[in-house]
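What you are looking at is a predicted structure, and each value in this text was computed from that prediction instead of being measured. Note that ligands are numbered from 1 as they come in the structure, with each ligand's atoms numbered from 1 the same way.
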Amino acid sequence: MASFQSRTASTTHLWRSIDAFLPPLNGRNHKGQSGRIAILGGSEDYTGAPFYSAMAALRTGADLSHVICHEKAGPPIKCYSPELMVHPVIRFPRADEDAARAARQQADQVMDLLTHLHVLVIGPGLGQHPHMQRVAGDVLARVAADCQAQAEASDGATARPTGPRGLVLDADAIRLVCDAPDVLAGPRAPRTILTPNANEWRRLAQACDVDLQAGADAADPAPVPSATLHALHAVASRLNAHGRVHILLKGRADAIVPGAAPQDGATPEAAPPVAICTTQGSGRRCGGQGDLLTGCAAALLAGAQLWEAGAFQPPHAASAQPQLPHTLPLPLCAAWGACHVVRLANARAFETHRRATSAVEILNALGPVMEDVWPVEQAPSEVTGVRVARI
Ligand SMILES: NC(=O)C1=CN([C@@H]2O[C@H](COP(=O)(O)OP(=O)(O)OC[C@H]3O[C@@H](n4cnc5c(N)ncnc54)[C@H](OP(=O)(O)O)[C@@H]3O)[C@@H](O)[C@H]2O)[C@@H](O)CC1
Ligand SMILES: Nc1ncnc2c1ncn2[C@@H]1O[C@H](COP(=O)(O)OP(=O)(O)OP(=O)(O)O)[C@@H](O)[C@H]1O
């Protein structure tokens with residue numbers, strides 16, 4: 001069995017990637033060009049989760065952050081923050097309505113809202129109500145199919161997909177993948193990061209028929225045991241055999257593993273790159289940290305995809321296609337960067353708030369942490385004074 005640990009991605013390469021695809025603050029971009037994100041989640045019971053996710057995306061540098069939620073979640077989320085655009089388009093069907101039809105119609109409305117967005121997060125606060133799951137499952141399948149179809153249509157042409165080409169799936173959305181493990185199987189499926197916690201991971205592995213006990217060695221001293229890394233690779237490969245799906249397993253050390261990527265020219269038995277994040281957080285394990293992580297990952301994934309499309313190149317750049325000095329998958333780098341900053345924000349919030357640290361303090365620490373990690377070096381504006389001209 002190949003050793004995954006020996007192929008652990010060096011953080012130097014991870015840093016270089018994230019440095020490259022963090023949207024530049026050069027005053028040339030207009031609103032939205034550094035990332036347009038939506039969170040599909042938020043139900044009657046859970047309104048905090050989509051708020052944390054959407055706000056974390058903004059604090060990580062995305063320009064626009066939407067929440068698409070149940071009608072009863074809309075008012076509270078709108079009251080939490082004026083910065084979020086909240087669309088409470090999901091409602092339970094009336095007794096005289098055809099439930100499947102109502103779900104389809106609401107999914108249509110959601111799809112309309114997704115036009116021109118870069119990354120969609122599904123799951124935070126979605127809940128397990130069959131109607132919420134049905135609408136979200138329909139949206140997931142349609143985003144996957146649209147991305148595939150539009151990528152095929154644009155081969156050799158300049159047309160670009162108009163819906164999200166990146167997905168982050170967490171919490172209750174992991175159930176959707178468990179129920180339909182082929183939903184992301186296409187060779188041009190959206191680049192997807194699944195972010196299971198230990199509980200969700202067990203469910204996902206079971207749905208993919210991957211035995212978590214195979215090769216398990218209780219004496220393995222690695223932060224993430226080799227058997228777990230193999231299982232992560234097996235599950236990601238089962239979900240997509242073309243390297244489009246990455247799994248970020250959260251825990252004491254976070255592990256990010258891509259599925260098989262035959263297009264990289266790697267031999268089938270070669271081990272894939274793996275990123276492990278052991279950045280010091282704190283002992284505080286309050287709810288909502290996973291939600292913050294999804295928003296950060298979405299913003300960084302959007303940046304990565306925009307960078308790849310040449311969106312951050314200066315005008316008249318010699319090449320529209322930027323290059324990295326390595327072949328680490330972009331979602332791997334984005335996911336690792338998100339783990340790193342959320343852990344740092346946890347540690348920073350804990351310095352002040354100690355046992356009282358909760359998700360809102362971690363959210364508020366994200367801005368200072370982003371500035372520590374990626375300082376903004378100079379004022380973006382080229383305007384140095386006021387000029388009055390006669391016309
Ligand atoms: N403010 C809000 O609005 C928030 C809303 N949220 C939303 O709530 C919804 C449900 O999310 P969830 O996490 O409670 O459900 P799920 O993962 O099924 O856990 C069920 C059981 O699994 C276990 N367990 C959990 N983690 C584990 C671990 N690491 N390692 C091992 N075991 C673990 C644990 O059981 P225990 O072992 O303690 O008996 C737990 O009781 C979802 O929509 C989410 O987005 C949250 O994001 C929080 C903030
Ligand atoms: N034992 C741990 N030690 C240090 N950091 C951890 C630990 N467990 C999780 N984390 C950090 O917290 C982040 C969120 O993981 P967690 O397991 O709390 O997710 P979750 O249960 O899905 O969260 P949520 O409450 O938002 O649903 C992880 O990415 C990781 O960085």
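For atom 42 (C) of ligand 1, the closest non-hydrogen atom on the protein side is D172 OD2, 3.2 Å. At the shortest separation from atom 45 (O) of ligand 1 among protein heavy atoms lies G125 N, 2.8 Å. In terms of protein heavy-atom proximity, atom 13 (O) of ligand 1 is nearest to N197 ND2, 4.2 Å.
Closest heavy-atom approach to atom 21 (C) of ligand 1 within the set L249, I174, N199, D45: this belongs to N199.
The proximity of E200 to ligand 1, defined as any non-hydrogen pair under 4.0 Å, is limited to the side chain. Contacts between D291 and ligand 2, counted as non-hydrogen atom pairs separated by less than 4.0 Å, involve both the backbone and the side chain. At a 4.0 Å heavy-atom cut-off, ligand 2 touches R343 through the side chain alone.
For the pair D254 and ligand 2, the shortest N or O to N or O distance falls below 3.5 Å. Between V342 and ligand 2, a contact under 3.5 Å exists for no N or O pair. Considering backbone and side-chain N/O atoms, G287 never comes within less than 3.5 Å of an N/O atom of ligand 2. Considering backbone and side-chain N/O of A49, one or more are found under 3.5 Å from N/O of ligand 1. Residue S282 places no N or O, backbone or side chain, under 3.5 Å from any N or O of ligand 2. Taking distance alone, with nitrogen or oxygen atoms compared against 3.5 Å, Q128 stays at or beyond that limit from ligand 1.
The nearest protein heavy atom to atom 34 (C) of ligand 1 is not closer than 4.0 Å. There is a protein heavy atom closer than 4.0 angstrom to atom 3 (N) of ligand 2.
Salt bridge E71/R91: absent, no basic N to carboxylate O contact under 4.0 Å.
Listed by number with element, the atoms of ligand 2 under 4.0 Å from a non-hydrogen atom of L293 are 29 (O).
Residues C147 and P164 have side chains not in contact (no heavy-atom distance under 4.5 Å, counting atoms from C-beta outward).
Note: the hydrophobic cluster containing L64 does not contain V168 (ILVMFWY, side chain heavy atoms under 4.5 Å, direct or indirect links).
At least one heavy atom of P124 sits less than 4.0 Å from an atom of ligand 1. Contact analysis puts R203 in contact with ligand 1, with a non-hydrogen atom separation below 4.0 angstrom.
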